[in-house]
> 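If you scroll down you'll find the structure; I have some questions about it.
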Amino acid sequence: MHDIKQIRQQPDAFDVGLARRGLPAESATILALDSAWRQSVQQAEVLQAERNAKSAEVGKIKREGGNADALMNEVTAMKDRLAALEAEAKTHEEALNAALATIPNLPADVVPNGKDENDNFEVRAWGARKDIKNAKDHSDLGPALGQMDFETAAKLSGSRFVVLKGQLARLERAIAQFMLDTHTEQFGYTECSVPVLVNDTALYGTGNLPKFKDDLFAANTGHFLIPTAEVSLTNFVNDTIVPEEQLPMRLTAFTPCFRSEAGAAGRDTKGMLRQHQFYKVELVSITAPESSDAEHERMTNAAETILQKLEIPYRTMLLCTGDMGFASRKTYDIEAWLPGQQKYREISSCSNCGDFQARRMNARLRRMNAKGTEFVHTLNGSGLAVGRTLIAIMENYQNPDGSITVPAVLQPYMGGIVKISA
RNA sequence: GGACAGGUGGCCGAGCGGUUGAAGGCGCACGCCUGGAAAGUGUGUAUAGGGGUGACUCUAUCGUGAGUUCGAAUCUCAUCCUGUCCGCCA
């Protein structure tokens, strides 16, 4: 949610920011709604003040035993006009909020302009890509091992689901444990177990609603399945005033994520790269405004550390304006090298949302010895996508015979198993 | 799912339908007191929006939404949440 005062003061800067995202100017529309709202509010308030004064006068007269019938009739007479003005103000306010609710966050200054993922900027690359001859795709390796079964999953649920079995299923669990342990022990995140069914308020707070309802699975109770634990974790501070000394809050959770991705049909249909359901270890930080940039680097480093420990080559991309998510003002994507595809593929996305989500959630902080409150900043990042990490391990650690070597750091989580084979 | 009880400021907790934006306490801030501290003591301390350069002022907010009334934290209805007991259940 944008600060309407900011738009009033610098409408041009607002439109420039939208233009950088490839979106049309909105400030004129917004400001028209805003002034219509303010006008009707002011008129209503004048009338309310008059009513309040007269009613107080009635009270005074009655206490003194007088007759206030005339005054009471006066207030009755203004009721219709007052109700109409209040309704008008409410209509305008709702229209303004509806318009603001679907406008994405503005990009930070350092974000490069661009149209799509081709315009993203490579910040750094890590690790030597091994030369694997005739590298196979995970969707060939897995079924050949008899431990990755798309047919059975299709029987249960349809396309874009998978069943893992045996050591591959265990590997998925091992990856999650390793990630959680690293983030809690090395980076100070607090492990959380959270609801994966959430209400519409929570989804509005993170920016998933109202605009992206079609990407979500809805339950018949009014709940939605989370598309990411970012929703659950970030909303910890929904409608909350956090004392400054409790910041930064660093939270992590391992959850399934559910995405209907109606618009993405046809992309990455093979294998388990793009599924309706997948596991992810999520990182969320709540910070004071001045700390969010540094926290963003710290969080990205935490995510990269996982790949370094797993010894999987990756590159870190600063997303261009055209490729950033709705709520973000600056995003790093971490892309792992997949030998089977001979491509880098996204395995994590770390975003600084500034105060955008905080405004939607009404999440604030109170400074020591200071009056008033400020909006917190929120950040979220994958630390990492577990399914895609499984893919990256399979493809980078594959052996000519189709077996998979277990990365050294995961062996303790696999009961000492060194190799996965059929 | 059934029966009760309850949701008030940063926190706790009062609140006959009429100076109650809201007593009191805690916490916090600034004074006084003290050699210094504690204790004691005085004053001040909600959020958001509108208007004004400013002192200031108007409006809204007592879970949420409707309603009754000249006037609602207070009365009515609906709804959500919390607690206790019962039932069911991993």
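Sequence lines set the chain letters: A, B, ... in the order given, protein chains first and strands last, and positions in each chain run from 1.
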> Dump every N/O contact between nucleotides 74-83 of chain B and the protein below 3.5 Å, one line per pair.
none

> With RNA chain B as reference, determine whether A:Gln48 or A:Asn73 sits nearer its 5' end, using the nearest nucleotide of each.
A:Gln48
> For A:Tyr279, check ring pair (Phe, Tyr, Trp, His ring centres under 6.0 Å) against everything at least two apart and list the hits.
A:Phe254
> Rounded to the nearest angstrom, tell me the gap between atom CD in A:Glu86 and atom C1' in B:G67.
14 Å
> Parallel, tilted or perpendicular: which describes the rings of A:Phe258 and A:Phe217, with under 30° parallel and over 60° perpendicular?
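Perpendicular, since the angle between the ring planes exceeds 60°.
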> When you measure from the side-chain N and O atoms of A:Lys90 to the phosphate of B:A60, is any distance below 4.0 Å, counting only OP1 and OP2?
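Answer no for this pair, as no side-chain N or O of A:Lys90 is under 4.0 Å from OP1 or OP2.
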> Give a yes-or-no answer on whether the side chains of A:Glu295 and A:Ser285 include a donor-acceptor pair shorter than 3.5 Å.
yes
> Roughly, in whole Å, what's the span from CG in A:Asn362 to P in B:A46?
18 Å
> Report the distance from atom CE of A:Met78 to atom C1' of B:G71, rounded to the nearest whole Å.
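The answer, rounded to whole Å, is 12 Å.
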> Please check if the distance between the ring centroids of A:Phe212 and A:Phe326 is under 6.0 Å.
yes
> Looking at RNA chain B, which of residues 50-62 of chain A put a heavy atom within less than 4.0 Å of it?
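When residues 50-62 of chain A is checked for heavy atoms under 4.0 Å from RNA chain B, the hits, listed by number, are A:Arg51, A:Asn52, A:Ser55, A:Val58, A:Gly59, A:Lys62.
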> Who are the side-chain contact (heavy atoms from CB on, under 4.5 Å) partners of A:Glu94, not counting sequence neighbours?
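Once residues adjacent in sequence are excluded, the partners of A:Glu94 under the side-chain contact (heavy atoms from CB on, under 4.5 Å) criterion are A:Lys90.
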> Roughly how many Å apart are B:U82 and B:G27, using the P atom of each and rounding to a whole number?
31 Å
> Verify the distance criterion only: is there a donor paired with an acceptor across the side chains of A:Asp333 and A:Ser349 at less than 3.5 Å?
yes
> Give me the distance, rounded to whole Å, that separates B:U43 from B:A48 when you measure between the P atoms they each carry.
27 Å
> Report all interatomic pairs (protein N or O, nucleotide N or O of nucleotides 48-55 of chain B) with separations under 3.5 Å.
{"residue": "B:A48", "atom": "OP1", "partner": "A:Thr373", "partner atom": "OG1", "Å": "3.2"}
{"residue": "B:G49", "atom": "OP1", "partner": "A:Lys5", "partner atom": "NZ", "Å": "3.4"}
{"residue": "B:G49", "atom": "N2", "partner": "A:Glu45", "partner atom": "OE1", "Å": "3.4"}
{"residue": "B:G50", "atom": "OP1", "partner": "A:Arg8", "partner atom": "NH1", "Å": "2.4"}
{"residue": "B:G50", "atom": "OP1", "partner": "A:Arg8", "partner atom": "NH2", "Å": "3.2"}
{"residue": "B:G50", "atom": "O2'", "partner": "A:Gln42", "partner atom": "NE2", "Å": "3.1"}
{"residue": "B:G51", "atom": "OP1", "partner": "A:Arg38", "partner atom": "NH1", "Å": "3.0"}

> Aromatic ring centroids of A:His377 and A:Phe356 under 6.0 Å?
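Centroid distance A:His377-A:Phe356: not below 6.0 Å, so no.
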> Determine the interatomic distance between P on B:G65 and the same-named atom on B:G24; round to the nearest Å.
29 Å
> Whole angstroms only, please: what is the CG-C1' distance between A:Leu82 and B:C70?
12 Å
> Say we look at B:U69 and B:C75: how far apart would their C1' atoms be, to the nearest angstrom?
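Comparing C1' positions in B:U69 and B:C75 gives a spacing of 10 Å.
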> Scan side-chain atoms only and decide if A:Thr378 and A:Gln357 contain a donor-acceptor pair under the 3.5 Å cut-off.
yes
> Before giving the answer on side chain to side chain donor-acceptor pair (under 3.5 Å), spell out for A:Ser403 and A:Ser421 the whole-Å C-alpha distance, their side-chain angles and the decisive distance to 0.1 Å.
CA-CA 5 Å; A:Ser403 64; A:Ser421 46; 5.9 Å; no
> Salt bridge check, A:Lys115 against A:Asp323: does any charged N sit closer than 4.0 Å to a carboxylate O?
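No.
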> Determine the interatomic distance between C1' on B:A22 and the same-named atom on B:G35; round to the nearest Å.
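One C1' to the other, the span is 44 Å.
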> So that I can tick it off, tell me whether A:Arg345 and A:Glu335 are bridged by a salt bridge, with the cut-off set at under 4.0 angstrom between side-chain N and carboxylate O.
no
> How far, in whole Å, is B:G63 from B:G21 if one measures between their P atoms?
16 Å
> Judged by atom type as modelled, is there a donor-acceptor pair below 3.5 Å linking the side chain of A:Asn120 to the main-chain atoms of A:Leu319?
no
> Between A:Asp239 (CG) and B:U61 (P), how many Å, whole number?
17 Å
> Taking the same atom, P, in B:U19 and in B:C58, what whole-Å distance lies between them?
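Between the two P atoms, the distance is 16 Å.
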> Roughly how far apart, to the nearest Å, are B:A73 and B:G18 at atom P?
11 Å
> Nearest whole Å is fine: how far is B:U59 P from A:Glu93 CD?
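The distance from CD of A:Glu93 to P of B:U59 comes to 18 Å, rounded to the nearest Å.
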> Walk along nucleotides 6-12 of chain B from 5' to 3' and tag each nucleotide B, S or - by protein heavy-atom contact under 4.0 Å, base first, then sugar-phosphate.
----S--
> Is atom CD of A:Glu297 surrounded by more than 12 heavy atoms (other residues, nucleotides or ligands) closer than 6.0 Å?
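Atom CD in A:Glu297 is packed in, count exceeds 12.
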> Using 4.0 Å as the upper bound for N to carboxylate O, is an ion pair formed by A:Lys54 and A:Glu74?
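A salt bridge is present here (some side-chain N lies under 4.0 Å from a carboxylate O).
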> Determine whether the side chains of A:Arg38 and A:Gln42 contain a donor N or O and an acceptor N or O closer than 3.5 Å.
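No.
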> In whole angstrom, give the distance that lies between atom CZ of A:Arg367 and atom P of B:A29.
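Atom-to-atom, A:Arg367 to B:A29, this comes out as 17 Å.
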